[in-house]
Amino acid sequence: MPISLNAEQQQAVDQTEGAVLVLSGAGTGKTRVLTARLAHIIGSGLARPWECLAVTFTNRAASEMEERLANMIGEDARQVWLGTFHRIGLRILRRFASELGYAQNFVILGEDDQTRLIKQIMLSEGYDIKKYTPEAVLAAIQSWKDKGITPDKVLTGDRTDFMSGRVLGIYRMYQDRLKSMNAMDFGDLLLLCLELFTENPEILAKYQNQFRYIMVDEYQDTNTAQYLWLRLLAQKWGNLCCVGDDDQSIYSWRGAQIDNILKFDHDFKDAKIIRLESNYRSTAHILAAASSIIRHNEGRLGKELRVAPNRDPDGEKVKVKGLYSGREEALAAVDSLENAYRHGTPYKQMAILVRTTAQTREFEEAFITNAIPYQVIGGAKFYEREEIRDAIAYLRTVALPSDDMAIMRIINKPRRGIGDTTIDLVRQKALKENISFFTALKDLTRPDSFELKPAAKKAAAAFLQSHALWTEYAEKLPPFEALKNILDNAGYIAMWQESTDIKAESKLENLTELLSVLKQRFDSIPAFLEHIALISDTDEIVGDDKVSIMTLHSAKGLEFDTVILAGWEEGLFPHQRALDETGDFGLEEERRLAYVGITRARKNVYITYAANRMVFGQWQTGIPSRFLEELPAADIEILGLPASFKSYSNYTPKIYKPTDPPPPPRKQEAKGSKSGLRVGIRVKHALFGYGVIMKIDGEKLTVLFENGGKKNILASFVTTA
DNA sequence: GCCGTCTGGGTTTTT
DNA sequence: CCCAGACGGC
């Protein structure tokens, strides 16, 4: 299928040999180039599909590319090695796990399991986990892994080791524990793959020979481990094509090395650099705004976006709005979106982009009040939720009894009389004898074992009996039925049904949702477990006509007609922690984030900030982001700024003196029905706390509570708050 | 082992 | 302001 390309794009497609860096600005058609290039390589017989490796950063990007490729070359597309770094690493590791001393069916630990494991190790080593949190230790370990550093390669005096050298010990123990549990974490999928390659030259050679052409998307976000991995694999043929945009590098905190892209021509000899600068997405004003901001960064590869020919040259100016409070900011967004909707833009072509997930709530509330359909992308992720992780842990322990983290998670959930003391004892035994938790538990319930108190022993035996039954379910029933029966039999469903927890109802809904996903999409438990270990919620986009609310980070790679960039205040955006922790570097990364945000938009951009914001239940005054000053006056329109900002070009960055008493929140027009209850009103429930009314049906209210639950209750049980 | 009350700390961004 | 985890009484 022919596909029209501009000259630079065509050049990127034709330049198949050697190292190529395609510097591809936002909206310049990089996915199109990548897929056209793959199609060209395969179509012209330069390589067969499975001799091509295409690596992306997100599953979403991978499936998009696969789909487009399938449209061009048909079923052959499925043969291409196309996926995220982690998925491809996993595929290789599954095949050669034994070379590293792992069994083929190793499990992949999620973040919660990792933290629990670190915590266990720290506690048993006598560390004060208040002083040094497991999360911080895990982060330090993760950052070594991102750099491709195994425990024996950590240099003395590595400054990421905030516990004066002791994190390394924990790292070592953590890796040992993972291995004895036959488990890997996310970072291992790359790190161990690297180890596999370096220790087994014949395996490396196999893949080097196989991958004649390698392509990488979002190269600016690769970390050192990924860089090393690519370099090894590309060594034989040298055909490595990396596509990226240094101006969109926003993941340094996760180990991404912007240097990878900045030094590409230094790392790979005779590298060709091709610039894609024709933007097919946004209007001139939007591009001008984005360029003007990013121009304040130093050390860029240099690249200017131009409006591609034959497009509406100007469009509307970028609108900058100052609002009184976070609430008003959200209401202003409602206005703008409704206006866009009236002018023919569907809701699904609109997005609110925020810096932090905490900002989403205010918009949700305003959207509920004003009946604007919305979805929050990312945020509290489905597969990270307690009930989902629990259900998965049940499946895991049944699929693989030696999965220690899984069994420990659910053994006393619901309560079965197996408390911390018993769990600790079993764990110690397992550790000492180097057996799995499950085996240790079995041993301790044997008639000739008396280490457990009778009550605990009885409880443990009962659990094992149930476990055997669950295993039978898993063997005999389809996955969906199996999980349903397991959760029922385990009393897990009943636990939530009987719970007075405000979140119980939504947890039950989520479990139903999980079951239906399982039913629709999976016919084997292992396949399902493998899938959920690697996906994230930003991967799933639904086609409903809804406004998307998400962070700037998860917006990368997406585009919308209308984009609202909210919360442009000093400290929030740029975020204070970025400034504190990495200074100018952090500021530049925040600026790139602004650039990413603006360039998501095709037609309309609104940038808003609030003078006052409720943080931790306290009113805080904010000052407009410095990034606002970096916008080009000719391309923006200023609306509703507080008086002292009338002159945009020379504002003094202080509207409200910190010594002034915090301004009272503006009361929303509380008039309405005589009970005072209306959709959107904030109410308080004695048991469930604060929430917002989503729906009123006579005396029956649907309330979205602030701690996450949605509940139907009678109006008489709430008071306005 | 379980369940209630208390308190200090927390909101950057996530494959 | 809210929540997870610690603590103490049963």
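Note that this is a predicted model, so its numbers are computed, not measured. Note on naming: letters A, B, ... go to the chains in the order of the sequence lines (proteins, then strands), and numbering restarts at 1 for each one.
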Testing the 3.5 Å rule here: is there a donor-acceptor pair between the side chains of [X] and [Y]?
{"X": "A/Glu364", "Y": "A/Tyr374", "value": "yes"}
{"X": "A/Asn260", "Y": "A/Thr222", "value": "yes"}
{"X": "A/Glu569", "Y": "A/Ser625", "value": "no"}

Whole angstroms only, please: what is the [atom1]-[atom2] distance between [X] and [N]?
{"X": "A/Trp253", "N": "B/dT11", "atom1": "CH2", "atom2": "C1'", "value": "14 Å"}
{"X": "A/Glu589", "N": "B/dT14", "atom1": "CD", "atom2": "P", "value": "12 Å"}
{"X": "A/Glu218", "N": "B/dT14", "atom1": "CD", "atom2": "P", "value": "14 Å"}
{"X": "A/Arg355", "N": "B/dT14", "atom1": "CZ", "atom2": "C1'", "value": "12 Å"}
{"X": "A/Leu190", "N": "B/dT14", "atom1": "CG", "atom2": "C1'", "value": "15 Å"}
{"X": "A/Glu569", "N": "B/dT11", "atom1": "CD", "atom2": "C1'", "value": "14 Å"}
{"X": "A/Gln248", "N": "B/dT14", "atom1": "CD", "atom2": "P", "value": "16 Å"}
{"X": "A/Ile129", "N": "C/dG5", "atom1": "CD1", "atom2": "P", "value": "9 Å"}

- Do A/Arg91 and A/Trp81 meet the cation-pi criteria used here (NZ or CZ under 6.0 Å from the six-membered ring centre, within 45° of the axis)?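 Verdict for A/Trp81: a cation-pi partner in A/Arg91.
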- Query: Are A/Arg254 and A/Tyr251 in a cation-pi contact, defined as NZ or CZ under 6.0 Å from the six-membered ring centre and within 45° of the axis?
  - Reply: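 Positive - A/Arg254 is close enough to the ring of A/Tyr251 and near enough to its axis.
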- What pairs with A/His86 under ring pair (Phe, Tyr, Trp, His ring centres under 6.0 Å), at least two apart in sequence or on another chain?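 A/Phe186.
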- Hey, are A/Glu630 and A/Arg591 close enough for a salt bridge, meaning a charged N less than 4.0 Å from a carboxylate O?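 A/Arg591 and A/Glu630: salt-bridged.
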- Listed nucleotide nearest any side-chain atom of A/Val615, set B/dT11, B/dT15, B/dT14: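 Given the options B/dT11, B/dT15, B/dT14, the side chain of A/Val615 is closest to B/dT11.
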- Hey, is A/Tyr251 doing a stacking thing with B/dT15, by the 5.5 Å centroid and 30° angle criteria?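 So no, this residue does not stack on that base, at least one cut-off failing.
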- Message: Applying a 4.0 Å non-hydrogen cut-off, can you work out what A/Gln142 is touching in the nucleic acid: base, sugar-phosphate, or nothing?
- Response: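 Contact class for A/Gln142: none.
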- Query: Quick one: what's the B/S/- string for nucleotides 1-6 of chain B, heavy-atom cutoff under 4.0 Å, read 5' to 3'?
  - Reply: SSS---
